[in-house]
There are 2 protein chains.
Amino acid sequence: MIERSPMETSEALDVLRTSSLSKVVQAEIEKIILSGTFGPGEKLNEKTLADQLGVSRGPVREAFQGLHARGLVEMIPNRGVFVQKISRHDAVAIYDVRAGLFGTACRLLAERITSDQAAELHALIAQMDVAGKRRDLDAYFPLNIAFHTAIVTGTDNRILAETYFGLVSRLQLFRARGLVHGGGFESSNIEHRAIVAALDARDPHAAFEAGFAHVQAGKARILASGDPPPGRT
Amino acid sequence: MIERSPMETSEALDVLRTSSLSKVVQAEIEKIILSGTFGPGEKLNEKTLADQLGVSRGPVREAFQGLHARGLVEMIPNRGVFVQKISRHDAVAIYDVRAGLFGTACRLLAERITSDQAAELHALIAQMDVAGKRRDLDAYFPLNIAFHTAIVTGTDNRILAETYFGLVSRLQLFRARGLVHGGGFESSNIEHRAIVAALDARDPHAAFEAGFAHVQAGKARILASGDPPPGRT
DNA sequence: GTATTGCATATTGTCAACAATTGGCAAAGA
DNA sequence: TCTTTGCCAATTGTTGACAATATGCAATAC
């Protein structure tokens, strides 16, 4: 048997390797939910979804269990599953946990950050500055996400990353209804600088505080832009 | 229709209300896994489990999805599901996240702790002191859990509690093989005092540090007692 | 006119059967 | 003796059918 380089493993094959139908279905339903097609509280019909995806109800039900464990849907026995409704109170709770988790990521990263990683963060901040000055939200947003992602994944802690991104997903559920909001990303980048400064100084203590404060400020920005549960465009 | 007091709702009925078979099965399998009956890496056979629980394979498969999302089992397509193996590296990662989460709980609690809550914590510490002096591990252990639980649930943050206890479950997986370890619970209670002191002072900053440090110390205690993956009685 | 009861429909919960894949074992070949 | 090939049993993946439960509507009683 010829030893093949791992690079040759086509993505399609790899997908088949790690995913049974339920996993594909789960990813698909998650995409649908997070895209906001269904709106919080809306019911997900098993058969309808199964038919749409061209599979039987079994895999759909299995996918539901995974989505439920991740807090994306609510399951009521003999009634069905519904897109999880995130109350304002819940959103605050999630933000608080996310703040603690992101602060922790900053703290852990401060103890092990490499110069390459630091350079990447500095570069992202510079780019965000440019986008910010141009008021270019479409450019700023992905950079912002990249910044947070770089910090969280930079800790090389898979559990932390999974948990963090899980919370982010649930938050996306909260502001699924529009609300791109972009309010005050000038201050946001100032906070970014504070984080990187603490990281550069290898100061875990300050890094946590800066990371925690940044997410809390984000929470305040979102909540301030007020959105009572059902729409108000 | 007579309006019944919510108190009358028998627990049995409530169970039926919130749980389909899959949920019961999931809880049952989780109990089996955490009891250590199966050992990390061991395979869980669908049909065998289904027969043992007196149900069909469907609910078992659904339960597996939930357990997978919670990180308790590993699923390999066309091969089956296995009790999740927690490497030393993973355990460290989980402990770090748990530390951040527990520290966050302390921080959040510091901002809202009531005198009743503080009194409860003081009482638990006193009891732990007694148990500690008597070297009574069987008494100390549940008190220790109660202390942590009181802090985490005291924040009234459901997301935080769910996430935290999820991590604790996964850690139980790591030390499922015996390892009651009890090493140095004298120092442990000293750390508890530091946490409560910060809470009494309503100092979020210090509370986080104390909580974070406490879990990290616990991590060090566990890891120091060294346990290479496969047993060593 | 309002509330209640009973039925028809739709949807979920569970199961058992079928299809597909895997791993092990024995036989054949080098 | 070691490797390879081809089968067989076991297990997983998926499906469609059946049972149980909830929802909506109409008819009836008050």
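So that the names make sense, note that chain A is the first sequence line, chain B the second, and so on, each numbered from 1.
Among residues two or more places apart in sequence or in another chain, the salt bridge (Lys or Arg N to Asp or Glu O under 4.0 Å) test is passed with B/Lys43 by none. A search for salt bridge (Lys or Arg N to Asp or Glu O under 4.0 Å) contacts involving A/Arg61 returns A/Glu46, B/Glu62, not counting sequence neighbours. Checked against side chain to side chain donor-acceptor pair (under 3.5 Å), A/Ser188 has the following partners two or more places apart in sequence or in another chain: A/Tyr140. Every side chain to side chain donor-acceptor pair (under 3.5 Å) that B/His214 has, sequence neighbours left out, goes to B/His148, B/Glu191, B/His192.
Identified under the salt bridge (Lys or Arg N to Asp or Glu O under 4.0 Å) test for residues 70-87 of chain B, with sequence neighbours left out: B/Glu30-B/Arg70.
Between A/Gln65 atom CD and C/dT14 atom C1' the separation is 13 Å, expressed in whole Å. Rounded to whole Å, atom C1' of D/dT14 lies 15 Å from atom NZ of A/Lys23.
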Nucleotide-resolved protein contact map, nucleotides 7-13 of chain C, B/S/- at heavy-atom distance under 4.0 Å: ----SBB
